[in-house]
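Below is one structure; the comments refer to it alone.
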There are 2 protein chains.
Amino acid sequence: MSESPRGRSIGRSIGRSLGRTPKHTPESPAGRAELPAEPTQASRFGKARTAQSGALMEDYVELISDLIGTGGEARPTDIARRLGVSHPTAIKTIARLKREGLAVAKPYRGVFLTEAGEFLAERVRTRHRIVVDLLLAVGVPAEAAEQDAEGLEHHVSDATLAAFGRFLRRAQ
Amino acid sequence: MSESPRGRSIGRSIGRSLGRTPKHTPESPAGRAELPAEPTQASRFGKARTAQSGALMEDYVELISDLIGTGGEARPTDIARRLGVSHPTAIKTIARLKREGLAVAKPYRGVFLTEAGEFLAERVRTRHRIVVDLLLAVGVPAEAAEQDAEGLEHHVSDATLAAFGRFLRRAQ
DNA sequence: CACAGTATGTAGCCTAGGCTACATTTTCAA
DNA sequence: TTGAAAATGTAGCCTAGGCTACATACTGTG
Ligand SMILES: [Mn+2]
Ligand SMILES: [Mn+2]
Ligand SMILES: [Mn+2]
Ligand SMILES: [Mn+2]
């Protein structure tokens, strides 16, 4: 240390000016471009957070749909095992699915998707496949593609998905 | 209530067998492929969760590095504004950065990155750029590319990033 | 037909990451 | 030089998503 990075006089160690932002003198509200220059970035982070918050719901409905499609039923224990979480965790998340109108379930009777749930599941399944296909198409090794797609899919917007589709069609 | 949800003859509505899993008779641990068929999927979900948990740290160090690079300092308020969160939220996350050895900060003195923090920031910055470039290269509209990259980047593994790099070089 | 064993559900705890309200410190302009 | 405004920090609350430990319900045998 002893870099003495002083703004004006602040002694040793870290530390810098902290000079207030220009503070546009109150008498001159004119001029300037107004916007703090980065209203965009904040909204991008915000949207990324929103996308992430829906990720768990998406993985659940996709998995439930798969389980029902292959074995005819989706039981909490199976869901938990496939997701790699404890069964109480799965049960609590299933409760949230119900709360949000994506699934229905009665105690000891297994989990089923509502129409909204099925619809979401189908979209998610399609998107997942396209993401994997795109990764493979640009040369990502199979296992990495499968692994990364599980997280990537939830951040692929409709516009991006459409572009992926066009790219895949173009490249056969 | 009064649904009489019985195990075998469950009448109408939702409801299904819930037949216990085969329960491999204890005397015959032989045969079979052993593995429950999907140990992979659980690990994929687990890794995606892990990747996500590091996302916030990554965005913070990248942003702090940018702020210092352009304005010479990274103040909690600026960080909060750029991320679109309240300043207490930013301060609490900065505390976690310190805890994890990625940043140092003294009250009212701004935030600085440790060597580990700078290193991570550089990796994250590079990865972010490559992800955006790849999206653009496959035909994703600019704004969607910028938006989606903010979430996607955190789920791109080294193997996938390398493949992206090769693809970009190949396609110029 | 009982009962052991599995699946399911509940309670209670933890951390990360959000927020608002309020307190304190620093800076800048009068 | 001083005091108002801005930045920073603290306290306390909330939800999502994890977990373990324990309680309850089912079901297929013996
Ligand atoms: Mn997923
Ligand atoms: Mn998926
Ligand atoms: Mn990001
Ligand atoms: Mn980024």
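Proteins come first, then strands; the chains are lettered A, B, ... in the order of their sequence lines, and each starts at number 1. Please read these numbers as outputs of a predicted model, since none were measured by experiment.
Comparing D/dC19, C/dA7, C/dT20 by their nearest atom to the side chain of A/P88 picks out D/dC19. Candidate nucleotides C/dG18, C/dA16, C/dT8 were compared by shortest atom distance to the side chain of B/R99, and C/dA16 ranks first. In the set C/dG9, D/dT8, C/dT20, D/dT8 carries the atom at the smallest distance from any side-chain atom of B/R75. Nearest to the side chain of B/R109, among C/dG18, D/dG9, C/dT27, sits C/dT27. For A/S86, the side-chain atoms get nearest to D/dC19 when compared with the rest of D/dG9, C/dC19, D/dC19.
When heavy atoms are screened at a 4.0 angstrom cut-off, A/S53 is found touching the sugar-phosphate backbone but no base atom.
Remark: B/E100 does not engage B/K98 in a salt bridge, criterion side-chain N to carboxylate O under 4.0 Å. Using a cut-off of 4.0 Å between Lys/Arg side-chain N and Asp/Glu carboxylate O, B/E143 and A/R44 are scored as salt-bridged. The pair A/R125-A/E58 fails the salt-bridge criterion, with no side-chain N (NZ, NE, NH1 or NH2) lying under 4.0 Å from an Asp/Glu carboxylate O.
Screening A/D78, A/I79, A/I68, A/V124 against A/L63 for a side chain to side chain contact (heavy atoms under 4.5 Å, CB included) leaves a single residue, A/I79.
Not one side-chain nitrogen or oxygen of A/T93 sits closer than 4.0 Å to the OP1 or OP2 atom of D/dG17. A/T89 has no side-chain polar atom (N or O) that falls below the 4.0 Å cut-off from OP1 or OP2 of D/dG17.
As a whole-Å value, the separation of A/I94 CD1 from C/dA7 P is 14 Å. As a whole-Å value, the separation of A/I91 CD1 from D/dA25 C1' is 12 Å. Spacing between atom NZ of B/K106 and atom C1' of D/dG9 amounts to 16 Å, rounded to whole angstrom units. Nucleotide C/dA7 holds its P atom 11 Å from the CD atom of A/E73, rounded to whole Å. In this structure, B/L56 places its CG atom 18 Å from P of D/dA16, rounding to the nearest Å. Separating the NZ atom of A/K92 from the P atom of C/dC13 is a distance of 13 Å, rounded to the nearest angstrom. What separates CG of B/D78 from P of D/dA6 is a distance of 14 Å, to the nearest Å. Atom pair A/R81:CZ and D/dG18:P shows a separation of 18 Å (rounding to whole Å applied).
Comparing B/V85 and A/H87 by the nucleotide of DNA chain C whose heavy atom lies nearest to each, the residue mapping closer to the 5' end is A/H87.
Judged purely by atom type and a 3.5 angstrom limit, B/S65 has no side-chain atom pairing as donor or acceptor with the backbone of B/E62.
For A/Y108 against D/dT24, a side-chain-to-base donor-acceptor contact under 3.5 Å is present.
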